[in-house]
Amino acid sequence: MGHMSVRTPSSEPSEPSVPSKASAAHRAGFACFVGRPNAGKSTLTNALVGQKVAITADQPQTTRHTVRGIVHRPDAQLILVDTPGLHKPRTLLGERLNDVVRTTWAEVDVIGFCLPANEKLGPGDRFIAKELAAIKKTPKIAIVTKTDLVEGKALAEQLIAIDQLGRELGFEWAEIVPVSAVADKQVDLLADLLVPLLPEGPALYPEGDLTDEPEQVMIAELIREAALEGVRDELPHSIAVVVEEMIPREDRPADKPLLDIHAFVYIERPSQKGIIIGPKGQRLKQVGIKSRKQIEALLGTPVFLDLHVKVAKDWQRDPRQLRKLGF
Ligand SMILES: Nc1nc2c(ncn2[C@@H]2O[C@H](COP(=O)(O)OP(=O)(O)OP(=O)(O)O)[C@@H](O)[C@H]2O)c(=O)[nH]1
Ligand SMILES: [Mg+2]
């Protein structure tokens, strides 16, 4: 009873997967990743999907909506639902994001609770674990992220602490899995452990679909990701991006198309404008160059990206503005 089920590379010899008669029923279902902001949920989602479907950043509260990433395997379709980091809300946006997380974990087949290896368990983690404990019907996997950042001893201590946390709250993790998305350690193993927890059934998404994000949203997110780079303090939270228009440029030869994309980068205060735009517009220009490359790769077509910075006063706290920005 209550033995600790931890997955280490050595305890998991890779067996050749021999399909066994009719028992290998196809599975399909949903696993969500929850955890504090910055725990590495989106990076892990991308690593499992094998392509960027969710933006990531080294500031907390990067993800602002659920992002589905789809893993296609011969035996299963695993749909990952990356969620915003659960945190103590300070704005209406924060409250909305937390609501999104709670709705999501009530709907999935398995919950993956992400805890960074390089940070001791804190009140934020306990708070989330407590809420998870109340969801009795759903299996919960503890995922220790960013293992490339710690030594073996620190990792072992973290695994024990997480096991202990479950016991204190009266449940047992279905698994405790250390992974590194950046060093590609045990990422495939995580998928192997999630799949058996999915219900039997046919694929839910067409083959080849890696996400159900609308193109326009993905593009706005790529611009926001570029805009987040290097900004600090409150500014990352103040940035929102909306793609207003995408129109193929007229009078272009068929073999030389160009897509005009017009997007607004919103901030909350006029004083933030200068920082986003930068001296002589250099910063905004860099944001444009960086995101345009990724947008072109995503769409497979040349793009003219037109970025405008606009103030949406205190939008994080204003229900009307939030609605306009899609929250
Ligand atoms: N070294 C290392 N860094 C990682 C790993 N996974 C994520 N990170 C970094 O951790 C930071 C946060 O990663 P995200 O994936 O954006 O974290 P998140 O949990 O989605 O954050 P929110 O969306 O804000 O809740 C980024 O700077 C990542 O590059 C990892 O396996 N190893
Ligand atoms: Mg995220």
Side-chain angles (χ1 to χ4, degrees), residues 42 45-46 49-57 59 62-70 82 93 205-206 208-231 235-313 315-316 318 320-327:
S42 300
T45 303
N46 293 338
V49 172
Q51 197 170 301
K52 176 145 108 189
V53 294
I55 64 161
T56 65
Q59 307 102 343
T62 300
T63 304
R64 289 186 182 152
H65 62 286
T66 55
V67 181
R68 287 178 182 185
I70 304 155
D82 178 25
L93 173 68
Y205 285 89
D209 280 15
L210 300 182
T211 182
D212 64 355
E213 287 267 284
E215 244 166 29
Q216 208 139 327
V217 174
M218 289 265 269
I219 291 164
E221 286 286 87
L222 289 172
I223 297 167
R224 186 162 66 90
E225 184 177 56
L228 282 174
E229 211 165 280
V231 297
L235 190 52
H237 307 300
S238 295
I239 299 172
V241 178
V242 173
V243 169
E244 284 290 323
E245 238 179 7
M246 296 171 48
I247 2 173
R249 179 84 56 97
E250 279 175 32
D251 305 326
R252 294 284 293 191
D255 59 338
K256 281 210 172 75
L258 186 66
L259 185 68
D260 278 305
I261 299 181
H262 300 277
F264 288 113
V265 178
Y266 288 98
I267 41 160
E268 294 197 287
R269 287 180 287 282
S271 61
Q272 296 172 326
K273 214 165 178 169
I275 309 171
I276 285 291
I277 294 172
K280 295 201 175 122
Q282 274 307 308
R283 204 176 165 275
L284 188 65
K285 193 173 165 198
Q286 287 310 314
V287 168
I289 291 170
K290 190 153 185 230
S291 53
R292 177 170 53 78
K293 282 192 191 132
Q294 297 208 41
I295 295 164
E296 288 179 336
L298 175 76
L299 303 177
T301 179
V303 160
F304 178 82
L305 181 60
D306 178 38
L307 294 180
H308 284 277
V309 178
K310 256 193 175 178
V311 178
K313 201 167 173 317
W315 65 263
Q316 288 187 79
D318 177 351
R320 242 193 68 233
Q321 307 250 37
L322 282 175
R323 202 172 321 124
K324 258 179 60 186
L325 294 170
F327 295 103

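Note that this is a predicted model, so its numbers are computed, not measured. For the single chain, residues carry numbers from 1 onward in sequence order.
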Can E213 and H65 be counted as having a side-chain donor-acceptor contact under 3.5 angstrom? yes
Take R292 and I261 through the side-chain contact (heavy atoms from CB on, under 4.5 Å) test and state the conclusion after the steps. CA-CA 10 Å; R292 177 170 53 78; I261 299 181; over 6 Å; no
Using the six-membered ring wherever Trp is involved, compare the ring planes of W315 and F327 and label them parallel, tilted or perpendicular (cut-offs 30° and 60°). parallel
Any side-chain heavy atom of T56 within less than 4.5 Å of one from E225? yes
Distance-only, no hydrogens or angles: does the E215 side chain make a donor-acceptor pair with backbone N or O of L298 under 3.5 Å? no
With side chains defined as the heavy atoms from C-beta onward, is the minimum distance between M246 and L259 less than 4.5 Å? yes
Do Q294 and K52 come close enough that some side-chain heavy atom pair is under 4.5 Å? yes
E250, CD: over 12 other non-hydrogen atoms inside 6.0 angstrom: no
Kindly say whether V243 contributes a backbone atom to a donor-acceptor pair with the side chain of Q216 at under 3.5 angstrom? yes
So, E296 and K293, do they make that salt bridge, N to O below 4.0 Å? no
Got a donor-acceptor contact below 3.5 angstrom from the N46 side chain to the V53 backbone? yes
Looking at A227, is its backbone amide N or carbonyl O close enough to the side chain of R283 to form a donor-acceptor pair, meaning the two atoms are under 3.5 Å apart? yes
Donor-acceptor pair, side chain of T211 and main chain of R68, under 3.5 angstrom: yes
Working note: L322 + L93, criterion side-chain contact (heavy atoms from CB on, under 4.5 Å); need CA distance, chi angles, decisive distance, verdict. CA-CA 7 Å; L322 282 175; L93 173 68; 4.0 Å; yes
Does E244 CD have over 12 foreign heavy atoms under 6.0 Å away? yes
Any sub-3.5 Å donor-acceptor pair from Q272's side-chain atoms to S238's backbone N or O? no
For residues V49 and I70, determine if any side-chain heavy atom of one lies less than 4.5 Å from a side-chain heavy atom of the other. no
Rounded to the nearest 0.5 Å, how far apart are CD of Q59 and NE2 of H237? 8.0 Å
Take V67 and I55 through the test side-chain contact (heavy atoms from CB on, under 4.5 Å) and record every step on the way to the result. CA-CA 10 Å; V67 181; I55 64 161; over 6 Å; no
What do the steps show when you test V311 against I267 for side-chain contact (heavy atoms from CB on, under 4.5 Å), and what is the final call? CA-CA 5 Å; V311 178; I267 41 160; 4.1 Å; yes
